[in-house]
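Convention: sequence-line order gives letters A, B, ...; per-chain numbering from 1.
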Number of protein chains: 2
Amino acid sequence: MTKINEIFKEHGIRLTQQRKEIFKILLNISQPVSANYIHNLLKNKLEKSRLSTVYRNLNTFKDLGIIKEVSSVNNNKKLYELSIGSNHHHHLICTKCGEMEPLDCPLEGYEDELKKKTDYKIIDHSINIYGICPDCINKTQKK
Amino acid sequence: MTKINEIFKEHGIRLTQQRKEIFKILLNISQPVSANYIHNLLKNKLEKSRLSTVYRNLNTFKDLGIIKEVSSVNNNKKLYELSIGSNHHHHLICTKCGEMEPLDCPLEGYEDELKKKTDYKIIDHSINIYGICPDCINKTQKK
DNA sequence: GTGACTGCAAATCATTTGCAACTCG
DNA sequence: CGAGTTGCAAATGATTTGCAGTCAC
């Protein structure tokens, strides 16, 4: 059971149709997705939904810490994924096709170490490993 | 002595005024900068220079591997820094003001380990640590 | 000389915003 | 009811592109 309503109530925001659907979409994906990707799926359920509102909700979720924004590098899009309910991880990204795979965090303990070295107040970190996925390696060889 | 001309010749691109100046700017900064930042400095030397051309040259440099694109997270800007001549490092980024500090890479050996675990061909990685810089911590306290 | 570069203007693309209408609580 | 949300259209801001003139080699 997902407790969407509780999560929303806890943060003091309304449980609208659109938010419910966006949240469900985010629950069902394992990779970070773009606002546009979400909007496309959303249109099946809510014909009238607008991309601008998707952005607004994603920003709301982000401000509340429900989702995380990860930076895509190929194109200039913002990508989002749930930050709650999912364990801390990073991504292995194919620079050819953009495919992403989750990776365990290799920085256990590093943040603590860093806190001693710097005057910054450390909050979070992101790691991206870039490479070429097996599919793209195969495609290149066939040519 | 910088060997700009050699680097350019080696890559088979012409040594134009603008490219020379952009390269010099990149040599003199320790933080990743935006196209706009470069363009502003450039205008002192080359009044007629255009932002679009700066972008074109940055993309050329990037394709040749002379510079690296790092993704800024606060705003949606692309930032660039030299990838040659500078040792491998990452950034500690203030989420309030965007200030960046270089950091040594904590992933020594990790890529090798990863190569055994995955079928991806590993190429590179990026790490960003987010926090609040001493300046911004002070500003908040004073309020 | 000629093809690679540039200035310039206009286009594109992701994201944001203003406002009036709507709807959750 | 009424403040928080949304649809809709229009604005914004970063980056790209087409084209004709210019410059490096």
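Screening residues 17-27 of chain B for side chain to side chain donor-acceptor pair (under 3.5 Å), with sequence neighbours left out, gives R19(B)-N57(B). The salt bridge (charged side-chain N to carboxylate O under 4.0 Å, His left out) contacts involving residues 122-131 of chain A comprise K68(A)-D124(A), where partners must be two or more places apart or lie in separate chains.
Using a 4.5 Å heavy-atom threshold, the side chains of L92(A) and Y130(A) count as separate.
If you take NZ of K20(B) and C1' of dC5(C), they are 14 Å apart, rounded to a whole angstrom. Distance NZ (K9(A)) to C1' (dG4(D)): 16 Å, rounded to an integer number of Å. The nearest whole Å value for the distance from the CG atom in L58(B) to the C1' atom in dT6(C) is 15 Å. Put simply, CG on L46(A) is 12 Å from P on dT23(C), counting in whole angstrom units. Rounded to whole angstrom, the span from the CD atom of Q18(A) across to the C1' atom of dG4(D) amounts to 14 Å. Rounding to whole angstrom units, CD of residue E21(B) and P of dT6(C) are separated by 12 Å. Look at CG on L51(B): it is 14 Å from P on dT17(D), rounded to the nearest Å. For the pair E47(B) CD and dT6(C) C1', the interatomic distance rounds to 16 Å; values are reported in whole Å.
The closest donor-acceptor contact from the side chain of T118(A) to the backbone of L114(A) lies at 3.5 Å or more, if one exists at all.
If you check residues 32-41 of chain B against DNA chain D, you find no residue with a heavy atom closer than 4.0 Å.
Listed by chain and number, the residues in a side-chain contact (heavy atoms from CB on, under 4.5 Å) with I38(A) are I22(A), I25(A), L26(A), V33(A), V54(A), L58(A) (sequence neighbours excluded). With sequence neighbours left out, K115(B) forms a side-chain contact (heavy atoms from CB on, under 4.5 Å) with D112(B), I122(B). For S34(A), the side chain to side chain donor-acceptor pair (under 3.5 Å) criterion is met by no residue, not counting sequence neighbours. The side chain to side chain donor-acceptor pair (under 3.5 Å) check on H90(A) picks up H88(A), H125(A), with sequence neighbours excluded. Applying the side-chain contact (heavy atoms from CB on, under 4.5 Å) criterion to E47(B), with sequence neighbours excluded, gives no partner residue.
Remark: T53(A) is in phosphate contact with dG7(D), judged by side-chain N or O atoms under 4.0 Å from OP1 or OP2. For dC5(C), the OP1/OP2 oxygens have no side-chain nitrogen or oxygen of N57(B) closer than 4.0 Å. Contact annotation: K78(A) side-chain N/O to dA14(D) OP1/OP2 distance is not under 4.0 Å. The side chain of K77(A) places no N or O atom within less than 4.0 Å of a non-bridging phosphate oxygen (OP1 or OP2) of dA14(D). Under 4.0 angstrom from either OP1 or OP2 of dC8(D) there lies at least one side-chain N or O belonging to R50(A).
Listed candidates were dT16(D), dC8(D), dG7(C). Nearest to the side chain of K48(A) is dC8(D).
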Quiz item: In B/S/- notation, 5' to 3', how is nucleotides 19-25 of chain D contacted by protein heavy atoms closer than 4.0 Å?
Solution: B----BS

